[in-house]
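Report on one structure; see the data block that follows.
These values consider heavy atoms only, across backbone and side chains, with no hydrogens, waters or symmetry-generated copies. None of these values were measured; they are calculated from a predicted model.
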Amino acid sequence: MPQFLSRCAVQHRPDPRALMEAIVDHVAAYLATALDHERFKPLGMATGRTMEPFYAALIKRLMTWPAPQLEQLKRCWLSFNLDEYVGLSPGDSRSFAAYMHAQLGCYLDLSPCQLQLPDGMAKDPAEEARRYGSALHQAGGIGLQLLGLGGNGHVGFNEPPSPAGSRCRVVTLQQATRIQNASAFGGNSEAVPEQAITLGLDEILAADEIHLIVTGAAKAEILRTALLDPCSSEVPASWLQSHSSVHLWVDDAACAHLPLLS
């Protein structure tokens with residue numbers, strides 16, 4: 001088995017539904033332990049179609065918790081999302097702020113200050129990126145980071161090329177990424193904002209543990225490239241190979257090109 005995969009905690013399931021249940025098992029246990037030990041670090045949240053069944057499964061699981069434990073979680077909750085589109089307000093249904101409220105916040109009665117995202121309407125997006133990165137640092141950094149994988153190898157909106165030391169910043173989205181995200185914009189990739197504010201690889205790689213969630217055959221080849229080829233700014237997800245605690249969650253279709261997993 002390749003060196004990185006041999007030290008990476010790999011979990012694969014036949015289909016996305018089974019995979020999400022397995023991830024929720026881990027995240028729920030992580031949250032319960034953090035509450036028990038009173039060491040609740042900010043969570044790193046991701047968005048997108050891959051994450052929707054995760055949030056649905058997580059809410060379903062948390063609703064089975066005893067009421068006092070669930071209330072404690074609600075009081076302690078603090079998360080930082082990876083990114084937000086420049087030019088979209090939190091009230092815009094296409095924004096990631098609206099996504100997080102609909103998928104998570106409204107079920108747990110979380111306030112906007114508990115679900116931190118960059119301000120897409122900031123007058124100076126570059127200054128907002130600096131503010132957001134500083135706010136994460138002041139909050140103690142990320143404990144558990146959830147990540148999806150873009151078709152061009154991006155994590156967050158760290159489009160290629162992105163060096164490992166990149167910080168929270170304004171990025172211009174590639175056309176492939178805008179096409180990939182067009183479903184939230186009526187299928188019109190031209191309606192997807194051209195820029196976003198994203199946490200950089202520096203902030204992502206500073207997380208205590210990273211969970212990369214990949215489903216579907218369309219991601220199989222870029223996943224192989226990111227995990228098995230040498231680290232490269234042209235495949236930003238490849239920098240995850242340098243992290244000491246990466247958990248890879250894949251369904252059978254996504255791991256088709258990974259040796260000994262398919």
I'd like to check the side chain to side chain contact (heavy atoms under 4.5 Å, CB included) partners of A139; sequence neighbours left out, ordered by chain and number.
P42, L78, F80

Listing, residues 188-197 side-chain donor-acceptor contacts under 3.5 Å, not counting sequence neighbours, or none:
unit_1, atom_1, unit_2, atom_2, d
N188, OD1, E190, N, 3.0
S189, OG, Q175, NE2, 3.3
E190, OE2, Q175, NE2, 3.4

Could you check if a side-chain atom of E128 sits within less than 4.5 angstrom of a side-chain atom of V170, using non-hydrogen atoms only?
no

Linking Ile, Leu, Val, Met, Phe, Trp and Tyr through side-chain heavy atoms less than 4.5 Å apart, which residues share a cluster with I179?
none

For K74, salt bridge (charged side-chain N to carboxylate O under 4.0 Å, His left out) partners two or more places apart
E71, D109

Before you tell me yes or no, could you show the steps for L149 and T50 under side chain to side chain contact (heavy atoms under 4.5 Å, CB included), namely the whole-Å CA-CA distance, both residues' side-chain angles and the distance that decides it to 0.1 Å?
CA-CA 9 Å; L149 177 65; T50 299; over 6 Å; no

Heavy-atom donor-acceptor pair, E234 side chain to G153 backbone, under 3.5 Å
no

From S79 OG over to L117 CG, what is the distance, rounded to the nearest 0.5 angstrom?
7.5 Å

Is any side-chain heavy atom of H12 closer than 4.5 Å to one of D252?
yes

When you measure from the side chain of Y132 to the backbone of Q116, do you find a donor-acceptor pair of N or O atoms at a distance under 3.5 Å?
yes

Y30 meets the ring-ring contact (aromatic ring centres under 6.0 Å, His included) criterion, sequence neighbours left out, with none

Counting only N and O atoms by type, is there a donor-acceptor contact under 3.5 Å from the side chain of S238 to the main-chain atoms of S232?
yes

Could you check whether any side-chain N or O of Q180 sits under 3.5 Å from a backbone N or O of G151, counting only pairs where one atom can act as donor and the other as acceptor?
yes

For F96, is there any backbone N or O sitting under 3.5 Å from a side-chain donor or acceptor partner on E84?
yes

Checking the side chain of S166 only, and the main-chain atoms of G200 only, is there a donor and an acceptor separated by less than 3.5 Å?
no

Got a sec, which pairs hit side chain to side chain donor-acceptor pair (under 3.5 Å) with one end in residues 98-107, sequence neighbours left out?
none

By side chain to side chain contact (heavy atoms under 4.5 Å, CB included), S183 pairs with (sequence neighbours left out) R49

Close side-chain approach of N158 and D83, heavy atoms under 4.5 Å
no

Side-chain touch W77/L31, heavy atoms, less than 4.5 angstrom
yes

Would the distance check show the side chain of N81 and the main-chain N or O of P118 forming a donor-acceptor pair, the cut-off being under 3.5 Å?
no

Taking C-beta and beyond as the side chain, do T198 and R169 meet within less than 4.5 Å on heavy atoms?
yes

Give a yes or no answer on whether the side chain of H154 reaches the backbone of S162 with a donor-acceptor pair at less than 3.5 Å.
no

E159: what forms a salt bridge (charged side-chain N to carboxylate O under 4.0 Å, His left out) with it, not counting sequence neighbours?
none

Residue set satisfying salt bridge (charged side-chain N to carboxylate O under 4.0 Å, His left out) with D15, at least two apart, ordered chain then number -> none

Going through the distances and angles, do T215 and W249 end up as a side chain to side chain contact (heavy atoms under 4.5 Å, CB included)?
CA-CA 8 Å; T215 61; W249 303 87; over 6 Å; no

Those residues that, when tested against T33, pass side chain to side chain contact (heavy atoms under 4.5 Å, CB included) (two or more places apart):
H37

How would you list, by chain and number, every residue that makes a ring-ring contact (aromatic ring centres under 6.0 Å, His included) with H137, sequence neighbours excluded?
none

Do L228 and F4 make a side-chain contact, defined as non-hydrogen atoms from C-beta onward lying under 4.5 Å apart?
no

Output a table of donor-acceptor pairs, distance under 3.5 Å, between side-chain atoms of residues 140-147 and any protein atom two or more places apart or on a different chain; print 'none' if there are none.
unit_1, atom_1, unit_2, atom_2, d
Q145, NE2, G44, O, 3.4

Would you check if the side chain of Q11 reaches a backbone N or O of I23 as a donor-acceptor pair within less than 3.5 Å?
no

Could you tell me whether the side chain of D92 reaches within less than 4.5 Å of the side chain of Y85, counting heavy atoms only?
no

Can you find a heavy atom in the side chain of L82 that is under 4.5 Å from one in the side chain of V155?
no

